[in-house]
**Student:** 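Just dropping this structure here.
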Amino acid sequence: MTPTPRDIVAELRQGRLIQLNDETGVSLACDPGHAEAVQHLLDVRKDLVPAPLPTILIIDSGQLNLYVRPVPEVAWDLIDFAEKPLTVLLSNGVNLPEAFRAQVPVRKTLSEPVRKLIGAFGRGLLALPFEGTEWPVGLSQPTVSWGDLPAQVQLPRIMELGPKGEVAFLRK
C-alpha cells in the first residue's frame, strides 16, 4: 500500500526518520522540531564520509520566518525565484535545535510530491541529502519512503548569505 501524505506526517510527528526522494536524490528526513529525531539524524551524519549538509526543506519563502529571524531582504527572492536547487546558509536560526541556530541551511524543494508533504506537515523538514540515487551502503534504510527520484540528480548550489545580504558561494 502506498502511503499518503497524512501517513507520512504521522510518522514524522512520532519522531521517525523517513527516506525522502526529490530533485537532489535520496535523503534521510525528519521533523526539525522533534529533538530525538534530529539527534538521530545528526548521529547518522557523523558516520558518513563526506558528511552531508543537514538542510531545512521548505516550499516557499513564506516558511523562512519559522526558522530564521531576521530574514535578510534578498533571501525572500533567492528562495522564491530559485529554478534549480539552491541551498542558502542563513544566520540567526530560531525554533531549531541548538546545532542549527548559528547557521541554518535552507532549500526550497522543487519536487511536487515533497512540496505536498511539507504542505500537509505545515512546516519544513530537516533532510540529510545523500546527493545521489543510491542509499548509502551500510546505513539502515527507513521503512517509510516518500517522493520520486529524478532521472538525473541535480546537486544544489550552496551559498552563504550574511545578515546584511553579503553573498559567498560555497558550491556553484
Side-chain angles (χ1 to χ4, degrees), residues 1-34 37-38 40-42 44-45 48 50-68 71 75-90 95-96 100 104-136 139-159 161 169-172:
M1 183 172 115
T2 303
T4 66
R6 185 176 178 174
D7 297 332
I8 303 296
V9 165
E11 295 287 322
L12 291 164
R13 290 196 173 133
Q14 291 176 28
R16 294 196 178 91
L17 277 61
I18 65 165
Q19 176 180 328
L20 194 68
N21 305 314
D22 72 2
E23 64 277 2
T24 64
V26 178
S27 298
L28 184 63
C30 71
D31 175 356
H34 196 288
V38 171
H40 186 194
L41 187 131
L42 293 176
V44 166
R45 180 180 186 261
L48 299 172
L53 178 65
T55 304
I56 300 289
L57 298 180
I58 60 175
I59 54 175
D60 60 32
S61 66
Q63 292 184 316
L64 282 175
N65 273 331
L66 293 173
Y67 304 107
V68 177
V71 177
W76 305 104
D77 289 340
L78 284 171
I79 296 295
D80 277 339
F81 295 111
E83 294 178 354
K84 294 183 179 180
L86 172 67
T87 300
V88 182
L89 306 178
L90 299 162
N95 302 321
L96 293 168
F100 297 98
V104 183
V106 178
R107 178 171 57 84
K108 177 181 86 171
T109 185
L110 304 174
S111 163
E112 197 53 40
V114 176
R115 293 173 62 78
K116 286 180 182 176
L117 176 61
I118 293 171
F121 191 50
R123 57 184 181 267
L125 296 175
L126 178 60
L128 195 60
F130 302 130
E131 298 183 343
T133 58
E134 300 293 323
W135 192 257
L139 181 61
S140 178
Q141 196 165 359
T143 56
V144 178
S145 176
W146 184 260
D148 302 318
L149 281 173
Q152 184 172 359
V153 168
Q154 300 176 52
L155 296 181
R157 291 180 173 171
I158 302 174
M159 69 179 297
L161 185 60
F169 277 94
L170 306 178
R171 183 197 301 168
K172 291 185 179 184

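In this text the structure is predicted, and so the values were computed from the model without any measurement.
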**Student:** Under a 3.5 Å distance rule, please check whether Ser111 uses its side chain to pair with a backbone N or O of Thr109 as donor and acceptor.
**Tutor:** no
**Student:** Any non-hydrogen side-chain atom of Ile58 less than 4.5 Å from a side-chain atom of Ile118?
**Tutor:** no
**Student:** Using the rule given for side-chain contact (heavy atoms from CB on, under 4.5 Å), can you reason through Thr87 versus Thr24, listing the C-alpha separation, both sets of side-chain angles and the distance that settles it, and then say yes or no?
**Tutor:** CA-CA 11 Å; Thr87 300; Thr24 64; over 6 Å; no
**Student:** Do the non-hydrogen side-chain atoms of Phe81 and Leu86 ever get within less than 4.5 Å of each other?
**Tutor:**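 Of all side-chain heavy-atom pairs linking Leu86 with Phe81, none is under 4.5 Å.
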**Student:** With a cut-off of 6.0 Å (strictly less than), are more than 12 heavy atoms of other residues, nucleotides or ligands near CD of Gln14?
**Tutor:** yes
**Student:** With a 4.5 Å heavy-atom cut-off, do Asp7 and Glu11 have their side chains touching?
**Tutor:**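 No, side chains not in contact.
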**Student:** For Ile8 versus Trp146, what's the shortest heavy-atom pair and its separation?
**Tutor:** CG1-CE3, 3.7 Å
**Student:** Measuring only between side-chain heavy atoms, which start at C-beta, is Leu128 closer than 4.5 Å to Leu17?
**Tutor:**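 No, their side chains stay 4.5 Å or more apart.
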**Student:** Sub-3.5 Å donor-acceptor pair from the side chain of Arg45 to the main-chain atoms of Leu53, do we have one?
**Tutor:** no
**Student:** Do any N or O atoms from the side chain of Trp76 and from the backbone of Asp80 form a donor-acceptor pair under 3.5 angstrom?
**Tutor:**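 Not at all, since once roles are kept as given, no pair shorter than 3.5 Å links the two residues.
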**Student:** Using 0.5 Å steps for rounding, measure from the CG atom of Leu89 to the OG1 atom of Thr55.
**Tutor:** 8.0 Å
**Student:** Tell me the closest heavy-atom pair linking Leu110 and Pro85, and the distance in Å.
**Tutor:** CD1-N, 3.8 Å
**Student:** Got a second to check how far Asn21's CG is from Ser145's OG, nearest 0.5 Å?
**Tutor:** 4.5 Å
**Student:** Which heavy atom in Leu96 sits nearest to a heavy atom in Pro32, and how many Å separate them?
**Tutor:** CD2-CB, 4.0 Å
**Student:** Does any non-hydrogen side-chain atom of Phe100 lie less than 4.5 Å from one of Ile56?
**Tutor:** no
**Student:** With a 4.0 Å cut-off on N to O distance, would you call Asp31 and Arg123 a salt bridge?
**Tutor:**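 Between Arg123 and Asp31 there is a salt bridge, with a charged N closer than 4.0 Å to a carboxylate O.
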**Student:** Which atom pair, heavy atoms only, marks the closest approach of Lys172 to Arg157?
**Tutor:** C-CG, 3.9 Å
**Student:** Got a donor-acceptor contact below 3.5 angstrom from the Tyr67 side chain to the Val106 backbone?
**Tutor:**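 Looks like no, no N/O pair under 3.5 Å.
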**Student:** Scan Gln154, Arg107, Lys84 and name whichever one has a side-chain hydrogen bond (donor to acceptor under 3.5 Å, both in side chains) with Glu23.
**Tutor:**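 Of the listed residues Gln154, Arg107, Lys84, the side-chain hydrogen bond (donor to acceptor under 3.5 Å, both in side chains) partner of Glu23 is Arg107.
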**Student:** Within the distance-only criterion (no hydrogens, no angle test), does the side chain of Arg171 pair as donor or acceptor with the backbone N or O of Ile158 below 3.5 angstrom?
**Tutor:**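 It does not hold such a pair.
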**Student:** Might you confirm whether atom CZ of Arg6 has over 12 heavy atoms from other residues, nucleotides or ligands at distances under 6.0 Å?
**Tutor:** no
**Student:** Evaluate the side-chain contact (heavy atoms from CB on, under 4.5 Å) criterion for residues Leu117 and Leu57: first the C-alpha distance (whole Å), next the side-chain angles of each, then the deciding distance (0.1 Å), finally the verdict.
**Tutor:** CA-CA 11 Å; Leu117 176 61; Leu57 298 180; over 6 Å; no
**Student:** Quick one: does any side-chain atom of Lys108 pair with a main-chain N or O of Ser61 as donor and acceptor, under 3.5 Å?
**Tutor:**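 Judged by distance alone, no pair lies under 3.5 Å.
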**Student:** List the atom of Ala75, the atom of Leu90, and the distance in Å for their closest heavy-atom pair.
**Tutor:** CB-CD2, 4.2 Å
**Student:** Give me the atom names and distance for the closest heavy-atom approach of Leu149 to Thr133.
**Tutor:** CD1-O, 3.8 Å
